[in-house]
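To keep things clear, I will list the structure first and then write my remarks on it.
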Amino acid sequence: MKWVYIEDIAAFNDQEVEVRGWVYNKRSSGKVRFILVRDGTGILQTTVFGGDENHPLFKAFDELTQESSLIVRGRVREDKRAPGGFELSLQDIEILQIAKDYPITPKEHATPFLMEHRHLWLRSRKQHAVLQVRVEVIKAIRNFFDDRGFRLMDTPILTPSACEGTTTLFETKYFDQMAYLSQSGQLYNEATAAAFGKVYCFGPAFRAEKSKTRRHLIEFWMVEPEVAFATLEDTIELGQDLLMFIIERVLTHRRRDLEELERDPKPLEAITKPFPRITYDAVVPKLQDKGSAIRYGDDFGAPEESLISELSTNPVCITHFPAKIKAFYMQPDKDRPDLALGVDFMAPESYGEIIGGGQRIHDLDLLEKRIQEHHLPREAYAWYLDLRKYGSVPHAGFGLGVERTVSWMCGIKHIRETIPFPRLLYRIYP
RNA sequence: UCCCCGGUAGCUCAAUAGGUAGAGCGGUUGGCUGUUAACCAAUAGGUUGUAGGUUCGAGUCCUGCCCGGGGAGCCA
C-alpha cells in the first residue's frame with residue numbers, strides 16, 4: 001500500500017493508502033470511532049465503524065493514547081463531516097509505540113509550561129502554523145536575493161572583536177585568546193560586497209542584552225544584504241521590494257496557516273509601494289503632538305514605534321537620524337553632517353522596527369576619525385579600514401529580523417513562538 | 001540592571017475576614033453508530049516553590065532565597 005502524506009491526501013480519493021504518523025486526538029461514539037492522525041504535513045480524521053468489541057481495530061483504538069506513533073491503512077473517502085474534507089476508513093492500525101502521559105493535552109496551558117515542553121509544543125496546530133510561515137518567509141528571502149543576482153556570503157559567527165555595541169557580546173574562549181559570538185555580519189558583508197558586488201548573509205545573531213520583552217530574543221536570525229555603489233535611496237528601495245515580496249509569498253502560500261492563527265490578512269493585503277518616508281527631524285514633532293515624551297536626539301522606545309506605525313497602514317521608513325545615536329560606520333549627510341544616512345523600517349500594527357540599515361562611510365579619514373571617537377581598538381579594524389584604502393566606493397545595506405517579520409506576518413504577540421527553540425533571557429531549556 | 005505581578009492535583013484555576021484544600025480538563029472504569037478541544041456517569045489523584053518568622057491555628061500575614069511572567073532601557 002502506498003505511503004502518502006496528509007497534505008497530498010486529496011489526490012488519492014477512493015484509493016487505498018498508508019499514513020504514518022501520531023495520534024493527535026481520538027473520539028468515540030460507541031460503534032463509531034475516530035482517530036485524528038497527524039503526520040507533520042497535516043491532520044487527518046480516520047474512522048472505524050461497526051464491528052464488535054473484540055474486533056482488532058477496536059482493540060487497537062482503545063489502546064491508543066495521545067501522540068502514540070502508528071501506521072494506518074485504509075481507503076480515502078471524501079466526506080463533508082471530516083475536518084479537511086477527506087477521511088480514511090481504516091482497515092488496519094499498526095501501533096509503533098504507545099505514548100504514556102503526554103503532557104500537553106488538547107486543553108489550555110500557560111506559556112511557562114508550554115515553553116518547558118517546547119520540544120513537544122512544536123507538534124501543536126498553532127505552533128505548526130507559525131513555523132510553516134517562518135519556513136515561507138525564509139524561502140521568500142532566499143529566492144528574492146538569489147533571483148536578483150545577490151551572492152550568499154556566510155559571515156563568521158566567531159569573531160575577534162565587537163561590531164557595534166561592546167557590552168552585549170557573548171564571550172567564549174578561542175584557544176589562547178577570546179572570541180565573541182557575532183551580533184551582525186555587516187562588517188564582513190562590506191568586504192564580500194567589494195569582492196562580489198551584491199551580497200547577503202543569512203544567519204544567527206547573538207546579543208547578550210538583558211532584554212525581557214516580547215520583541216527580543218538572545219539568539220535570532222537576520223538577513224543582511226550589502227550592495228557596492230548603492231546609496232541610502234537604493235537600500236530603501238531594496239528593503240521595500242523585499243518586504244512586498246515576503247508579504248505576497250506568505251499571502252499566496254500560507255493562507256491556511258494564517259487562518260489557523262486567526263490572523264486577519266487584510267492589513268497585509270492593504271500594503272502597497274511606495275512606503276511613506278519621513279525624516280527623524282520631521283517625525284519627532286509629530287510624536288510629541290501625539291503625546292510622546294521624546295526629545296530631539298533620543299532614540300525611539302516602544303511607545304514611539306507604536307505611534308509611528310499609526311501614521312500609515314504601510315511600513316514607515318524613518319531616515320536621517322542624528323549621527324550620535326547611530327553606529328560609528330554610518331555615512332553622514334553631505335549637507336547636514338550631524339545626520340546619518342540611516343533608515344529604520346517600522347512595521348504596521350505596532351510590530352516595531354523590522355529593518356535597520358543605511359549607507360556606510362567610504363572615506364578612509366572619516367572612518368578613522370569615527371573609530372577614534374568611539375574608542376574602538378584600531379588594530380581590530382585594520383582589515384575593515386583596508387576596504388576604504390583599496391578602491392573604496394559608496395555602499396549600503398540593511399538587516400532584517402526574521403522573527404520579528406514572522407510575528408508580524410502571523411499577527412502573534414510574542415516573538416518566542418516564531419523560532420523552534422527560542423533562547424530567552426531566563427530560558428535556554430530545551 | 002530596574003519596576004510590577006505570580007508560584008495550590010499531571011494541566012488550567014478556585015479557596016469569604018487566618019479556622020477540615022475544591023472544580024474543570026487530562027488519567028482510569030463503564031455507556032453511546034458521525035464525532036469536531038465530542039458527550040454522559042463513576043473513580044483515583046495534594047508535604048500549597050523553598051527556608052524561617054508571627055499565631056491556639058497559615059494556602060492566606062511578615063522576611064530571605066529560588067523559579068517564572070509582564071514591562072523599561074537597548075535593539076532586528
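Below, chain A is the first sequence line, B the second, and so on; all start at residue 1.
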Separation of M346(A) atom CE from C75(B) atom P, in whole Å? 11 Å
Suppose you measure atom C1' in U50(B) against the same atom in G7(B); what distance do you get, rounded to whole Å? 11 Å
So which one's nearest nucleotide on RNA chain B is more toward 5', R214(A) or F113(A)? F113(A)
Atom OH of residue position Y5(A) - does it have more than 12 heavy atoms of other residues, nucleotides or ligands inside 6.0 Å? no
Counting heavy atoms from C-beta on, name the nucleotide in A76(B), C32(B), A37(B) closest to the side chain of S28(A). C32(B)
Taking atom types as they are modelled, is there a donor-acceptor pair under 3.5 Å from the base of C39(B) to the side chain of S29(A)? no
To the nearest Å, give me how far apart CD1 (I355(A)) and P (A76(B)) are. 11 Å
Measure NZ/K26(A) against P/U28(B) and give the value in whole Å, please. 8 Å
Pick base, sugar-phosphate or nothing for Y426(A), based on heavy-atom distances below 4.0 Å to the nucleic acid. sugar-phosphate
Compare the ring of F34(A) with the six-membered ring in the base of G34(B) and state whether they stack (centres under 5.5 Å, planes under 30°). no
Nearest to the side chain of P112(A), which nucleotide is it out of U35(B), A76(B), G68(B)? G68(B)
Around atom CG of D101(A), are there more than 12 heavy atoms from other residues, nucleotides or ligands closer than 6.0 Å? no
Atom CG of L114(A) and atom P of C11(B): how far apart are they, to the nearest Å? 11 Å
Distance, rounded to the nearest Å, where E209(A) contributes CD and C74(B) contributes C1': 5 Å
Test log, rule side-chain contact (heavy atoms from CB on, under 4.5 Å), inputs F328(A) and L367(A): CA-CA 8 Å; F328(A) 75 94; L367(A) 188 60; 4.0 Å; yes
With the side chain of K31(A) defined as its heavy atoms from C-beta on, choose the nearest nucleotide among G34(B), C74(B), U33(B). U33(B)
Classify the nucleic acid contact of L400(A) as base, sugar-phosphate or nothing, counting any heavy atom under 4.0 Å across all strands shown. nothing
When you measure from every atom of RNA chain B, which of residues 299-314 of chain A have a heavy atom less than 4.0 Å away? D299(A), G301(A), A302(A), E305(A)
Taking the cut-offs as 6.0 angstrom to the six-membered ring centre and 45 degrees off its axis, would you call R404(A) and Y351(A) a cation-pi pair? no
Between G70(B) and H414(A), is there an OP1 or OP2 to side-chain N/O distance shorter than 4.0 Å? yes
Let's test your reading of the model: under 3.5 Å, does the base of C11(B) pair with the side chain of H109(A) as donor and acceptor? no
Could you check whether T65(A) gets within reach of a base, just the sugar-phosphate, or nothing at all, counting any heavy atom under 4.0 Å? nothing
Determine the interatomic distance between C1' on C5(B) and the same-named atom on U55(B); round to the nearest Å. 28 Å
When the distance from CG of D298(A) to C1' of C75(B) is rounded to whole Å, what number comes out? 15 Å
Compare side-chain N and O positions of R416(A) against OP1 and OP2 of G70(B) and report whether any pair is under 4.0 Å apart. yes
Rounded distance in Å between the C1' positions of G57(B) and G71(B): 40 Å
Ring geometry between Y188(A) and W383(A) (parallel below 30°, tilted from 30 to 60°, perpendicular above 60°): parallel
Measure CG/N25(A) against C1'/G27(B) and give the value in whole Å, please. 14 Å
Integer angstrom distance from the P of G10(B) to that of G6(B): 23 Å
Considering only the C1' atoms, how many Å lie between G70(B) and G64(B), rounded to the nearest integer? 24 Å
Does the side chain of L311(A) come within less than 4.5 Å of K286(A)'s, by heavy atoms? yes
Fit a plane to each ring of F145(A) and F398(A), take the angle between them on a 0 to 90° scale, and name the class: parallel (under 30°), tilted (30 to 60°) or perpendicular (over 60°). tilted
Check the distance between G31(B)'s C1' and F58(A)'s CZ and give it to me in whole angstrom. 14 Å
Which part of the nucleic acid does E116(A) contact within heavy-atom distance under 4.0 Å: base, sugar-phosphate only, or nothing? nothing
Above 12 or not: heavy atoms from other molecules or residues under 6.0 Å from CZ of R423(A)? yes
Is K212(A) close enough and on-axis enough to Y426(A), meaning under 6.0 Å and within 45°, for cation-pi? no
May I ask you to check if R148(A) and F144(A) form a cation-pi contact, with NZ or CZ under 6.0 angstrom from the six-membered ring centre and within 45° of the axis? yes
Gap in Å between the two P atoms, one belonging to A21(B) and one to A9(B), rounded: 15 Å
Check RNA chain B against residues 66-79 of chain A and give the residues with a non-hydrogen atom under 4.0 Å, in numerical order. R77(A), D79(A)
For the base of C67(B), is there a side-chain donor-acceptor partner from R427(A) under 3.5 Å away? no
Pick out which of V223(A), T405(A), D146(A) makes a side-chain contact (heavy atoms from CB on, under 4.5 Å) with I141(A). V223(A)
Dot-bracket assigned to RNA chain B with the 3.5 Å Watson-Crick/G-U criterion, [ ] for crossing and | for other-strand pairs, is (((((((..((((.....[..)))).(((((.......))))).....(((((..]....))))))))))))....
Is K212(A) near enough to G71(B) that one of its side-chain N or O atoms lies under 4.0 angstrom from OP1 or OP2? no
Nearest-nucleotide check on RNA chain B, D344(A) vs M115(A); residue mapping nearer the 5' end is M115(A)
With rounding to whole Å, what would you report as the distance between C67(B) and G31(B) at their P atoms? 50 Å
Quote, to the nearest angstrom, the P distance that separates C25(B) from A44(B). 16 Å
Between Y280(A) and Y296(A) (judged by ring centroids, cut-off 6.0 Å), do the two rings come close enough to count as a pair? yes
Please work out whether the ring planes of F113(A) and H117(A) are parallel, tilted or perpendicular, with thresholds of 30° and 60°. tilted
Evaluate whether atom CD of E259(A) has more than 12 neighbouring non-hydrogen atoms of other residues, nucleotides or ligands under 6.0 angstrom away. yes
Looking for any heavy atom pair under 4.0 Å, which part of the strands does P103(A) touch: base, sugar-phosphate only, or nothing? nothing
Taking atom CZ as the centre, does R151(A) end up with more than 12 heavy-atom neighbours from other residues, nucleotides or ligands that are less than 6.0 angstrom away? no
